[in-house]
Amino acid sequence: MKRIVFFHTPIGADLALLLLRVGTSVMLLTHGWSKITNFSDRLNSFADPIGLGSAVSLQLVIFAEFFCAIFLVLGFMSRIFLVPMIINMAVIAFVVHGSDPFGQQEKALMYLLVFLVLMLTGPGKFSLDGQILKRRRY
């Protein structure tokens, strides 16, 4: 029984990173896709939290929530594409919803936490980054 409960192998950690990476990215893709499909409707009414203009802000959010999420699903250059995603979630949590109650900040903070963990751990063995690194060792 102890073996089943306390079983730990490196493959378990890599599978957990795969689930974390793919699961959160796919969920975030839905937010980015809705912004792409309603781009013209949101263009003039989108928030401008950092003073770049609503059009630029919307484009940056779409880049982080859709295109960076696709690269994170694949695990390709993960740490580089995590930077815009982390910035996006930090702005959403602390600037856009900064004065709102915790319930409004919670989703962005959850994504932010996951992205910070992935930044620290890397994408794991089951990613394009992991496969590229494996090939270079030979």
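Note that the coordinates shown come from a computational prediction; the quantities given were computed from them, not determined experimentally.
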Check: Counting N and O atoms only, with roles assigned by atom type, does the side chain of Ser34 sit under 3.5 Å from a partner on the main chain of His31, one being a donor and the other an acceptor?
Finding: yes

Notebook entry, point to check: Given the rule that I, L, V, M, F, W and Y join up when any side-chain heavy atoms are under 4.5 Å apart, are Met110 and Leu29 in one cluster?
Noted result: no

Note to self: Are Phe71 and Leu128 packed together at the side-chain level, in the sense that at least one heavy-atom pair is separated by less than 4.5 angstrom?
What the structure shows: no

Note to self: Strictly distance-based, threshold 3.5 Å: is any side-chain N or O of Glu65 a donor or acceptor partner for the main-chain N or O of Met85?
What the structure shows: no

Margin query: When you group the ILVMFWY residues by side-chain heavy-atom contacts below 4.5 Å and let the links chain together, are Leu74 and Val114 in the same group?
Written below: no

Checklist line | Residue pairs, two or more places apart or on separate chains, that pass side-chain hydrogen bond (donor to acceptor under 3.5 Å, both in side chains) and touch residues 108-124 | finding: none

Checklist line | Connected via hydrophobic side-chain network under 4.5 Å: Ile62 and Met89 | finding: no

Check: Any side-chain heavy atom of Ile86 sitting closer than 4.5 Å to one from Leu116?
Finding: yes

Check: Mind checking whether Leu72 and Leu118 have side chains closer than 4.5 Å, heavy atoms only?
Finding: yes

Checklist line | Check: Phe94 and Leu112 side chains under 4.5 Å, non-hydrogen atoms | finding: yes

Notebook entry, point to check: Do the side chain of Ser54 and the main chain of Leu43 share a donor and acceptor less than 3.5 angstrom apart?
Noted result: yes

Note to self: Checking side-chain contact (heavy atoms from CB on, under 4.5 Å) between Phe115 and each of Val83, Leu120, Leu28, which is the one that passes?
What the structure shows: Leu28

Notebook entry, point to check: So, the side chain of Arg21 versus the backbone of Pro123: is there a donor-acceptor pair under 3.5 Å, distance only?
Noted result: yes

Note to self: Closer than 3.5 angstrom, by distance alone: can the side chain of Asp14 be matched with the main-chain N or O of Lys125 as a donor-acceptor pair?
What the structure shows: yes

